[in-house]
Amino acid sequence: MSENTGDLMEKLVALCKRRGFIFQSSEIYGGINGFWDYGPLGVELKRNIKDAWWRDVVLRRDDMVGLDCSIIMNPKVWEASGHVVNFNDPLVDCKKCKARFRADKVFTVIAAEGENVLLSVGAEADDEEHARLAATNAANSKTRRRLEDHAQKLVWTVFRADKAPQGRSNICPLCGGELTDARKFNMMFKTFVGAMEDSSSVAYLRPETAQGIFANYKNVLDTQRIRPPFGIAQIGKSFRNEINPRNFTFRSREFEQMEIEFFCHPSEADKWYAYWRDERYKWYIDLGLKSDKLRLRPHETDELAHYARACADIEYSFPFGVSELEGVANRTDFDLTQHQKFSGKDMNFFDDETKERYIPYVIEPSGGCDRATLAFLCEAYTEDMAPDEKGVMQARTVMKFHPRLAPVKLAVFPLVKKEGMPEVAAGIHNEAKKAGLASFYDEKGAVGRRYRRQDEAGTPFCVTVDGQTLQDQTVTIRDRDSLKQDRIAAAKVVQYVQDALAK
RNA sequence: GCGGGCGUAGCUCAAUUGGUAGAGCGCCAGCCUUCCAAGCUGGCUGUUGUGGGUUCGAGUCCCAUCGCCCGCUCCA
């Protein structure tokens, strides 16, 4: 990472605080790691992103419906999904074959005579002795004979996967690949339902919104006169007790997701996977993420999660590195099958036309709302040069948001605070607000200063009422990025901005 | 989780060997301004992240804790 990009992130964080986009949570108490608050400008930006998503994936389509599930669900949901089992024991994963083991059940066994290593394998067992036996028994006959021949001089090293000595890595019992260090995953936030804090009342804050959709799949199917292929969309908070929150809001412990579960016939899963992957990628570009910083990266086969048949990440080149904004996965029928098994409820869809009964496959485009917000902030941050009142070029900081995302769409100024200009400007401002545009009125200080303040907020248009306005009812409207001004009728300001938003 | 750095006004930073905290910008009020921040006048701002300790005295030294940044690690 170059010095410049590090600077960029620092400047962006400073601007976010200075202008009221993002604050650290509970800052007056010293903050809390992994939690962030959106200020007056930030909340508008984030809402605009969520609104754009909802409009584009739900309202504009006939094959999509929305949902808003509770954050706390019956804990059995998380047993079915695999979240409880997978994250309560210390676990190791094979970096090569992706197998997962309980760390206290996997040993690495090494037999060596001096520098000469005769045996170096992983073994599944309950204790060291059994691990050594298992490793010996699993060896081929030639190796076994050599071990017996050198028995007296052999030095055995056996260690459990969660107690590996510094610098030693564990070996996968299945493929011989390298295992990760042991990790105790307890990523789900635990809480208690009701007044009694005992084991029967344990519940979890959802680590993803997806399971609420799967749990309601039958309800939606039964009530909406809808049939596959169709999707259910949801925006909502999720919680993960991340070991190490990092990179501003990128990895937070409380975050908001925008998720779609799209249900289709298994034979059409590949088609819909490709469709959503491309559709979602295009969405970010359309809202202003330059394609050269955005990339679509298909997962390698060995990178896939156990439930996924195919997956692609939509990644953005942040100042701190290329990181994932959204994942689009073919989750097959894994989740519905799991819920059928754990709940005992039939998850099949019966097709009246073909008389076919099947559990749909699911394509899941799962986006991080805060991550998208951060990407749009990074993309918007620009430093350029603009002339001051003497024509000397000065540095300018400007947030070049897509107008659809900009927290404030329009600022209205009187050029000077006299000759009736404030009244005319306030009138335009009020008219804009009545039309539903986020508008800001400012009459204080020099007009140049007011323009620059709006640049930092990312306001795409500034309207100024001047002397000529009083003669012919026209105003200047200034473009944030080009600094160019058009002169238009005051009565047409609202329409002008609305046209720009529709582009 | 490990290692390193850091924490002083809203922001960026100052404060000699420990001697009762200061500047610029911003912000607010007013003036001046007929179009792109640094014209004028005046004004506000801090339990120096928090809690202990050493000391006659701590922003400065010690301990703990919280948070932020960087690198590793991690990210079903």
Side-chain angles (χ1 to χ4, degrees), chain A residues 1 3 5-7 9-11 13-20 23-36 39 78 81-88 91 93 98 100 166 180-188 207-208 210 240-248 250-253 303-308 311 319-321 323-324 327 329 334 368 385-398 413-419 421 444-456 462-470 475-480 483-485 487:
Chain A
M1 188 188 300
E3 218 169 288
T5 55
D7 280 356
M9 207 56 210
E10 270 177 43
K11 286 182 191 168
V13 172
L15 183 142
C16 280
K17 179 170 184 192
R18 188 169 70 243
R19 290 299 175 198
F23 307 121
Q24 194 182 4
S25 170
S26 340
E27 192 187 286
I28 59 169
Y29 291 104
I32 177 167
N33 196 355
F35 298 89
W36 301 90
W78 309 111
S81 70
H83 287 84
V84 172
V85 174
N86 284 333
F87 302 113
N88 280 324
L91 301 170
D93 293 307
K98 298 292 161 190
R100 164 164 287 176
Q166 184 99 44
T180 60
D181 291 339
R183 297 161 302 192
K184 184 158 175 123
F185 283 107
N186 229 335
M187 297 229 313
M188 280 197 293
E208 61 177 28
R240 296 184 193 178
N241 213 346
E242 297 285 356
I243 296 166
N244 191 1
R246 200 55 83 83
N247 291 330
F248 200 25
F250 184 82
R251 179 168 299 135
S252 301
R253 291 185 165 129
E303 195 183 349
L304 294 173
H306 60 284
Y307 51 74
C311 185
F320 49 79
S323 297
E324 177 189 351
F334 176 82
M385 301 299 284
D388 65 12
E389 61 186 336
K390 299 183 189 77
V392 180
M393 298 305 276
Q394 301 284 351
R396 176 179 80 132
T397 301
V398 50
F413 312 142
L415 184 58
V416 291
K417 200 166 50 175
K418 58 184 183 190
E419 293 172 24
M421 293 182 202
K444 304 278 177 64
V447 73
R449 182 181 302 261
R450 287 177 257 160
Y451 283 134
R452 295 300 170 84
R453 263 198 286 254
Q454 294 305 318
D455 288 340
E456 277 202 344
C462 291
V463 159
T464 300
V465 170
D466 57 15
Q468 190 177 332
T469 309
L470 308 176
V475 294
T476 60
I477 186 159
R478 171 233 196 215
D479 179 82
R480 175 194 65 201
L483 303 177
K484 291 213 176 82
Q485 291 181 313
R487 185 166 278 279

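Letters A, B, ... are given to chains in the order of the sequence lines, protein chains preceding strands, and every chain is numbered from 1.
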Under a 3.5 Å limit for both distances, which nucleotide forms a Watson-Crick or G-U wobble pair with B:rA38, could you say? none
Rounded to whole angstroms, how far apart are CH2 on A:Trp78 and P on B:rA76? 15 Å
Is there a side-chain contact between A:Phe320 and A:Phe250, using heavy atoms and a 4.5 Å cut-off? yes
Which is true for A:Gln485 with a 4.0 Å heavy-atom rule: it touches a base, it touches only sugar-phosphate, or it touches nothing? base
Looking only at atom P, what distance separates B:rU60 and B:rG53, rounded to whole Å? 14 Å
With rounding to whole Å, what would you report as the distance between B:rU73 and B:rA15 at their P atoms? 37 Å
Would the distance check show the side chain of A:Arg240 and the main-chain N or O of A:Met188 forming a donor-acceptor pair, the cut-off being under 3.5 Å? no
Specify the separation, in whole Å, of atom CZ of A:Arg452 and atom P of B:rC36. 9 Å
Can you see if the side chain of A:Lys11 gets near the phosphate of B:rC11 - specifically, an N or O under 4.0 Å from OP1 or OP2? no
Contact class for A:Lys418 (heavy atom, under 4.0 Å): base, sugar-phosphate, or nothing? sugar-phosphate
Hey, does A:Arg396 reach any base, or is it just sugar-phosphate, or nothing, if we go heavy atoms under 4.0 Å? nothing
Quick one: look up who B:rC72 pairs with, Watson-Crick or G-U, both distances under 3.5 Å, and put none if it's unpaired. B:rG1
Quantified in whole Å, what is the P atom distance between nucleotide B:rU12 and nucleotide B:rC27? 16 Å
What is the distance, to the nearest angstrom, from the CZ atom on A:Arg18 to the C1' atom on B:rA9? 16 Å
Taking any heavy-atom pair under 4.0 Å as a contact, classify A:Arg246: base, sugar-phosphate, or nothing. base
Using a cut-off of strictly less than 4.0 Å, decide whether A:Arg449 has a side-chain nitrogen or oxygen near OP1 or OP2 of B:rA37. no
Strictly below 4.0 Å: does A:Lys444 bring a side-chain N or O up to OP1 or OP2 of B:rC28? no
Taking only the P atom of each, what is the distance from B:rC74 to B:rC11 in whole angstrom? 35 Å
Hey, is A:Asp455 close enough to A:Arg480 for a salt bridge, meaning N to O under 4.0 Å? no
P atom, B:rC44 versus B:rG10: distance in rounded Å? 15 Å
Value rounded to 0.5 Å, distance of CD in A:Glu208 from NE2 in A:His83: 4.0 Å
Rounded to whole Å, the CG-C1' distance (A:Asn247 to B:rU73) equals 14 Å
For B:rU65, which nucleotide in any strand shown is its Watson-Crick or wobble partner with both distances under 3.5 Å? B:rG49
With rounding to whole Å, what would you report as the distance between B:rU8 and B:rG67 at their C1' atoms? 16 Å
Ion pair present between A:Arg396 and A:Glu456, side-chain N to carboxylate O less than 4.0 angstrom? no
Considering every strand and a 4.0 Å limit on heavy-atom distances, what is the contact class for A:Gln454: base, sugar-phosphate, or nothing? nothing
Mind calculating the distance between CG (A:Leu483) and P (B:rC35) to the nearest angstrom? 15 Å
Please name the nucleotide paired to B:rC25 by Watson-Crick or G-U wobble geometry with both distances under 3.5 Å, or report none. B:rG10
OP1 or OP2 of B:rC68 versus the side-chain N and O atoms of A:Asn33: is any pair under 4.0 Å? yes
Looking only at the side chain of A:Tyr451 (C-beta and beyond, no hydrogens), which of the listed nucleotides B:rC68, B:rC36, B:rC11 gets closest? B:rC36
Between atom CZ in A:Arg450 and atom P in B:rU34, what is the gap in whole Å? 12 Å
Give none if B:rG18 has no partner; otherwise give the nucleotide forming a Watson-Crick or G-U wobble pair with it, both distances under 3.5 Å. none
Taking the same atom, C1', in B:rG18 and in B:rA58, what whole-Å distance lies between them? 6 Å
Minimum heavy-atom separation for A:Leu483 to A:Ala386, with atom names? CD1-CB, 3.7 Å
For A:Lys417, which contact category applies under a 4.0 Å heavy-atom criterion: base, sugar-phosphate, or nothing? base
Can you tell me how far C1' of B:rC69 sits from CH2 of A:Trp36, to the nearest Å? 10 Å
By nearest nucleotide on RNA chain B, pick out whichever of A:Arg19 and A:Pro207 is the more 5' one. A:Arg19
For nucleotides B:rC2 and B:rG59, find the distance between their C1' atoms and express it as a whole number of Å. 30 Å
Comparing nearest nucleotides in RNA chain B, the 5'-proximal residue of the pair A:Phe250, A:Arg453 is A:Arg453
May I ask you to say whether A:Lys17 pairs ionically with A:Glu27, meaning some side-chain N is under 4.0 Å from a carboxylate O? yes
So what does A:Glu419 hit on the nucleic acid, given a heavy-atom distance under 4.0 Å: a base, only sugar-phosphate, or nothing? base
Kindly give the heavy-atom pair with the smallest separation between A:Arg452 and A:Pro387, and that separation in Å. NH2-O, 3.3 Å
Please classify the nucleic acid contact of A:Gly34 as base, sugar-phosphate, or nothing, using heavy-atom distances under 4.0 Å. sugar-phosphate
Taking any heavy-atom pair under 4.0 Å as a contact, classify A:Phe248: base, sugar-phosphate, or nothing. sugar-phosphate
Starting at atom CE of A:Met385, determine the distance to atom P of B:rC36, rounded to an integer number of angstrom. 15 Å
